[in-house]
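Some notes on the structure that comes next.
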Amino acid sequence: MLRKSIIFANKTVDRIVAIAMIILFLICLYAMVDAYMIYSGASDNSILSYKPNAGNTDDLKKLSKNAVAWLTIDGTRIDYPVMQGKTNEEYLNKDPFGEFSLSGSIFLDSRNSKTFSDDYSLVYGHHMEYGVMFGALDNYKDKKYFNEHTTGKLTVVNGKEYQITIFASCIAMATDKVIFDPPESVNSIRLKYLKKHALIYEPKEVNEQSKLIALSTCQSADSNERMIVFGVLK
């Protein structure tokens, strides 16, 4: 009787272990598929068909009424439309076509002018692997990479084109109003802040009258820290 009980218990344990392993396998499979879908959505090259050509923004306008510009940082995978929602939450999990997407979109702070006429414009994007979306911003911690990737272009829907010269990189908390409250802080204060706190600061072509752009992404999912790269618009 005791032997039969032991055999039954062993079989029960074996079944439980087998079921647990199957569940674990399914969870891992789901995570892999989910990660692939997020990456695929973020790296969908079909969006490039809306990229302005020689200042012509007709295709970009067809993408969405909320598309305000196209951002390119030379030598990186940052080559996306810039959206602007009514709030800063709207495009966190929505692609440029208006569909749900965990990779979200690159988007301009809702408090900024959609024509980039402000002295300081703040642009956000998710931190993705392989340099997708704003994943490449992490590389600007490295001085060599920084020096080799300092140029880009911003084409606004109204047809105006700006050349971007990157001059600083910084890690800051999302609660830091000097960086994350564009209407309130002025560039003179912002430049003083960067001179003191930036990881890299090369303000050769920047002064208090310069038109600035900041590109911000998360450092990690459970942190309030942000990686920000600063450029001057000309």
Side-chain angles (χ1 to χ4, degrees), residues 52 55 57 68-76 78-85 87-88 91 106-125 127 134 136-219 224-234:
T57 60
V68 297
W70 191 281
L71 173 68
T72 302
I73 303 298
D74 299 330
T76 76
I78 299 174
D79 201 13
Y80 298 103
V82 180
M83 315 303 290
Q84 186 181 45
T87 70
N88 285 339
Y91 279 95
I106 304 301
F107 62 94
L108 176 67
D109 193 292
S110 60
R111 297 164 292 179
N112 274 130
S113 165
K114 66 180 181 180
T115 62
F116 287 81
S117 58
D118 296 327
D119 291 338
Y120 177 66
S121 298
L122 183 56
V123 180
Y124 306 91
H127 185 286
F134 271 2
L137 297 187
D138 249 6
N139 296 325
Y140 281 89
K141 297 173 184 176
D142 179 76
K143 190 66 159 50
K144 185 176 184 294
Y145 184 94
F146 183 103
N147 290 335
E148 293 174 351
H149 299 82
T150 58
T151 60
K153 185 166 74 171
L154 181 79
T155 304
V156 186
V157 165
N158 63 13
K160 184 171 286 189
E161 289 188 332
Y162 292 101
Q163 297 301 315
I164 301 173
T165 301
I166 290 171
F167 69 92
S169 63
C170 180
I171 294 177
M173 302 301 291
T175 53
D176 194 325
K177 289 191 174 184
V178 174
I179 295 174
F180 294 104
D181 199 355
E184 296 300 325
S185 54
V186 296
N187 282 344
S188 58
I189 296 174
R190 196 169 290 112
L191 292 175
K192 288 178 181 177
Y193 175 96
L194 289 174
K195 185 176 182 180
K196 183 177 181 180
H197 297 286
L199 299 171
I200 302 172
Y201 186 54
E202 300 285 349
K204 298 174 184 176
E205 301 182 39
V206 185
N207 57 54
E208 294 179 3
Q209 285 71 49
S210 297
K211 186 187 291 289
L212 305 183
I213 185 171
L215 314 179
S216 172
T217 193
C218 297
Q219 280 289 275
N224 227 13
E225 280 190 333
R226 301 290 185 267
M227 177 67 189
I228 315 102
V229 171
F230 296 84
V232 58
L233 298 177
K234 293 184 178 179

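- Taking SG of Cys218 as the start and CZ of Phe134 as the end, the distance is 11.5 Å to the nearest 0.5 Å.
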| task | Give the C-alpha distance, both sets of side-chain angles, the deciding distance and a yes or no for side-chain contact (heavy atoms from CB on, under 4.5 Å) between Leu233 and Leu154. | result | CA-CA 8 Å; Leu233 298 177; Leu154 181 79; 4.2 Å; yes
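- Judged by distance alone, the side chain of Thr76 and the main-chain N or O of Ile78 form a donor-acceptor pair under 3.5 Å.
- Atom CG in Asn158 sits 7.5 Å away from atom OG1 in Thr57 (nearest 0.5 Å).
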| Residue pair Met83, Lys114: steps toward the side-chain contact (heavy atoms from CB on, under 4.5 Å) verdict | CA-CA 9 Å; Met83 315 303 290; Lys114 66 180 181 180; over 6 Å; no
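- Across all non-hydrogen atoms, the minimal contact from Met227 to Asp138 is CG-OD1, 4.0 Å.
- To the nearest 0.5 Å, atoms CG (Asp176) and CZ (Arg190) are separated by 10.0 Å.
- Checked against ring pair (Phe, Tyr, Trp, His ring centres under 6.0 Å), His149 has the following partners two or more places apart in sequence or in another chain: Tyr145.
- Looking at Lys160 and Phe116, their side chains never come closer than 4.5 Å, going by heavy atoms from C-beta outward.
- Here the CG atom belonging to Asn187 is positioned 8.5 Å from the OH atom belonging to Tyr120, to the nearest 0.5 angstrom.
- Closest of all the heavy-atom pairs between Leu215 and Leu71 is CD2-CD2, 4.0 Å.
- Note that OG1 of Thr150 is 9.5 Å distant from CD1 of Ile73, once rounded to the nearest 0.5 Å.
- Asp74 has no carboxylate O lying under 4.0 Å from a charged side-chain N of Lys153, or vice versa, which leaves the two without a salt bridge.
- Judged purely by distance below 3.5 Å, without hydrogens or angles, the side chains of Gln84 and Asp109 never pair a donor atom with an acceptor atom.
- In this structure, Tyr124 and Ile106 have side chains that are not in contact, with every pair of non-hydrogen atoms separated by 4.5 Å or more.
- For Phe146, the ring pair (Phe, Tyr, Trp, His ring centres under 6.0 Å) partners two or more places apart in sequence, or in a different chain, are Tyr140.
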| message | If you apply the rule side-chain contact (heavy atoms from CB on, under 4.5 Å), what do you find for Val232 with Ile164, and how did you get there? | response | CA-CA 6 Å; Val232 58; Ile164 301 173; over 6 Å; no
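- In this structure, the side chain of Glu161 engages the main chain of Gly55 through a donor-acceptor pair within 3.5 Å.
- When every heavy atom of Ser121 is checked against every heavy atom of Leu108, the shortest pair comes out as CB-CD1, 4.0 Å.
- Side-chain contact between Val82 and Trp70 is absent, with no heavy-atom pair separated by less than 4.5 Å.
- Residues satisfying the side chain to side chain donor-acceptor pair (under 3.5 Å) test with Lys144, not counting sequence neighbours, are Glu148.
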| Can you check side-chain contact (heavy atoms from CB on, under 4.5 Å) on Arg226 and Asn224, steps first, answer last? | CA-CA 7 Å; Arg226 301 290 185 267; Asn224 227 13; 4.0 Å; yes
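- Panel note: side chain Lys211, backbone Lys234; no donor-acceptor pair is recorded below 3.5 Å.
- The shortest heavy-atom contact between Ile171 and Gln219 is CD1-OE1, 3.8 Å.
- With hydrogens and angles left out, the side-chain atoms of Thr72 and Asp79 include a donor and acceptor closer than 3.5 Å.
- Nearest heavy atoms, Cys170 versus Leu194: CB-CD2, 4.0 Å.
- Without hydrogens or angle criteria, Thr217 side chain to His127 main chain gives a donor-acceptor distance under 3.5 Å.
- Nearest heavy atoms, Arg111 versus Pro182: NH2-CD, 3.3 Å.
- For the 3.5 Å distance criterion, the side chains of Asp118 and Asn112 qualify, holding a donor opposite an acceptor.
- Expressed to the nearest 0.5 Å, how far OH of Tyr201 lies from CZ of Phe167 amounts to 6.0 Å.
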